[in-house]
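All remarks here apply to the structure that follows.
What you see is a predicted model; the values in this text were computed from it and never measured. Chain letters run A, B, ... following the sequence lines, proteins first and then strands; every chain starts at 1.
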Protein chains: 2
Amino acid sequence: MINSRFTVAVHLLALMSAGRERCAEAALTSEIAAESVNTNPVVVRRILGSLRKAGLVSSHPGPTGGWLLMQEPREITLRDVYRAVEEEALFSMHHRPPSSHCAVGRNIQDTLETYFGEAECAMQSKLGERTIADVLDDVMARVRAPAV
Amino acid sequence: MINSRFTVAVHLLALMSAGRERCAEAALTSEIAAESVNTNPVVVRRILGSLRKAGLVSSHPGPTGGWLLMQEPREITLRDVYRAVEEEALFSMHHRPPSSHCAVGRNIQDTLETYFGEAECAMQSKLGERTIADVLDDVMARVRAPAV
DNA sequence: GGAAACCGTAACCGTATCTATTACAATTAG
DNA sequence: CTAATTGTAATAGATACGGTTACGGTTTCC
């Protein structure tokens, strides 16, 4: 199971997107964000740091400081976010290399890397169909029409 | 990152599929299998136990005992294997529930479960396009034409 | 009936990863 | 100068995972 960094990253970008609709210059502080996510501000800063490295957000220290979106919510796909916070391949290979004395053991990793790569690519492509703006729209629709 | 159980499970089914081409009644023992995978027989038995629960293999104790395929390799997709060994959702939600005082915090999990579910579904669908027979064919093609 | 070869599973260990937390230096606005 | 913020290292605690040992249950075969 994939860790929760991706989930938190999308949450944070949705927060910043919502904040920007009220005031474009108001930066989100890690402390305020941490309250919404229900975690520690350091955890927020670490994840936003990854997003900054990917060019999605910027940060500024000091009073009036905080974090700002660097791209339009409509332009940021969940795939962009995923790739900003997840570095490794989705599927892991054998813990220890399989036997080289066995035809299957000798060749299955190459085979599986091909097949698994296709599957991960399909997953990322689906993520690429949704943006942060979609997420915020969906969240706000739920605010107006809460589940029964 | 997903653990290596899925990888090992596919490896084991490919081994059994290869063994069956030589002799349909010869069961694969967890000890022989563990040598190819380069792990401990108990690890093999644990994973094959999951596959048995899914109806993909059967086991038999005693001398001449071991593990046998219960379905045609051409009928077993990687999706079947994935679902046999992976129980939880691919993406994890927040470690602690987000703030209920925030519109985003209150609704984002429902939104993300929808979007993440679509992405996981796309990944599984791609896995569904490949079978154990495909894996073994690909492995054997590499045996005949090794990479340079 | 007894020995040998399997599976089934519980128990435990060491390691890695993840989240949370504290602490503190660096930067900036006012 | 003060206060508010980021940046990051260090650490702790929890969890998951793979590896290993141990041992009981089942089956084959002599």
Of all the heavy-atom pairs spanning A:Thr29 and A:Gly65, show the shortest one and how long it is.
CG2-O, 3.8 Å
Do B:His94 and A:Val37 touch side chain to side chain, with heavy atoms closer than 4.5 Å?
yes
Should B:Glu118 and A:Arg130 be marked as a salt bridge (Lys or Arg N to Asp or Glu O under 4.0 Å) after you check the CA-CA gap, both sets of side-chain angles, and the distance that decides it?
CA-CA 10 Å; B:Glu118 290 171 0; A:Arg130 303 291 194 169; 3.0 Å; yes
One pair to check against side-chain contact (heavy atoms from CB on, under 4.5 Å): B:Leu127 and B:Thr77. What are the steps and the verdict?
CA-CA 7 Å; B:Leu127 290 179; B:Thr77 69; over 6 Å; no
Just the dot-bracket of DNA chain D, please: which string comes out with Watson-Crick or G-U pairs under 3.5 Å, [ ] for crossing, | for another strand?
||||||||||||||||||||||||||||||
Specify the residues of residues 54-62 of chain A, ordered by number, for which at least one heavy atom lies under 4.0 angstrom from an atom of DNA chain D.
A:Ser59, A:His60, A:Pro61, A:Gly62
Within the side chain of A:Arg106, is there an N or O that forms a donor-acceptor pair under 3.5 Å with the backbone of A:Ser100?
yes
Could you give the CZ-to-P distance, from B:Phe6 to D:dC17, as a whole number of Å?
15 Å
Indicate the atoms forming the closest heavy-atom contact of A:Leu78 with A:Phe6, along with that distance.
O-CE1, 3.5 Å
Beyond-backbone contact of B:Asn3 with B:Glu86, side-chain heavy atoms, under 4.5 angstrom
yes
Less than 4.0 angstrom between a side-chain N/O of A:Ser30 and OP1 or OP2 of D:dT6, yes or no?
yes
note: B:Glu25, atom CD; C:dC6, atom C1'; distance rounded to Å ~ 18 Å
Among residues 7-23 of chain A, which contact DNA chain D at a heavy-atom distance under 4.0 Å?
none
Please report, rounded to the nearest Å, how far the C1' atom of D:dA3 is from the CD atom of A:Glu31.
13 Å
List in numerical order all residues of residues 63-71 of chain B for which some heavy atom is under 4.0 Å away from an atom belonging to DNA chain D.
B:Pro63, B:Thr64
Any donor and acceptor pair, going by atom type alone, linking the side chain of B:Ser17 with main-chain N or O of B:Leu13 inside 3.5 Å?
no
What do the steps show when you test A:Glu35 against B:Ser99 for side-chain contact (heavy atoms from CB on, under 4.5 Å), and what is the final call?
CA-CA 7 Å; A:Glu35 281 180 28; B:Ser99 168; 5.8 Å; no
Under 3.5 Å side-chain donor-acceptor pair for A:Glu120 and A:Gln124
yes
Gap between atoms NZ and C1', on A:Lys53 and D:dG7 respectively (whole Å):
13 Å
Atom-pair distance (CD1 on A:Ile32; P on D:dT6), nearest Å
10 Å
Parallel, tilted or perpendicular: rings of A:Phe116 and A:Phe91 (30°, 60°):
tilted
Among B:Arg74, B:Arg142, B:Arg144, the one residue meeting salt bridge (charged side-chain N to carboxylate O under 4.0 Å, His left out) with B:Asp137
B:Arg74
Give the C-alpha distance, both sets of side-chain angles, the deciding distance and a yes or no for side-chain contact (heavy atoms from CB on, under 4.5 Å) between B:Thr39 and B:Val8.
CA-CA 10 Å; B:Thr39 183; B:Val8 173; 5.5 Å; no
Do B:Ser36 and B:His11 make a side-chain contact, defined as non-hydrogen atoms from C-beta onward lying under 4.5 Å apart?
yes
Measure from NE2 on A:His94 to P on D:dC17 and round the result to the nearest Å.
17 Å
Determine whether B:Arg45 and B:Arg52 make a side-chain contact, defined as any pair of heavy atoms from C-beta on separated by less than 4.5 Å.
no
Measure the shortest side-chain to side-chain distance between B:Val10 and B:Ile132 over non-hydrogen atoms and say whether it is less than 4.5 angstrom.
yes
Check nucleotides 13-15 of chain C for protein N or O atoms closer than 3.5 Å to its own N or O atoms and list the pairs.
none

Passing option when B:Val139 is tested against A:Leu112, A:Asp110, A:Thr111 for side chain to side chain contact (heavy atoms under 4.5 Å, CB included)
A:Thr111
Could you tell me if the side chain of B:Ser58 sits less than 4.5 Å from the side chain of B:Trp67, heavy atoms only?
no
Classify every nucleotide of nucleotides 17-22 of chain C by which part a protein heavy atom approaches to under 4.0 Å, writing B for the base, S for the sugar-phosphate alone and - for neither, in 5'-to-3' order.
-SSBBB
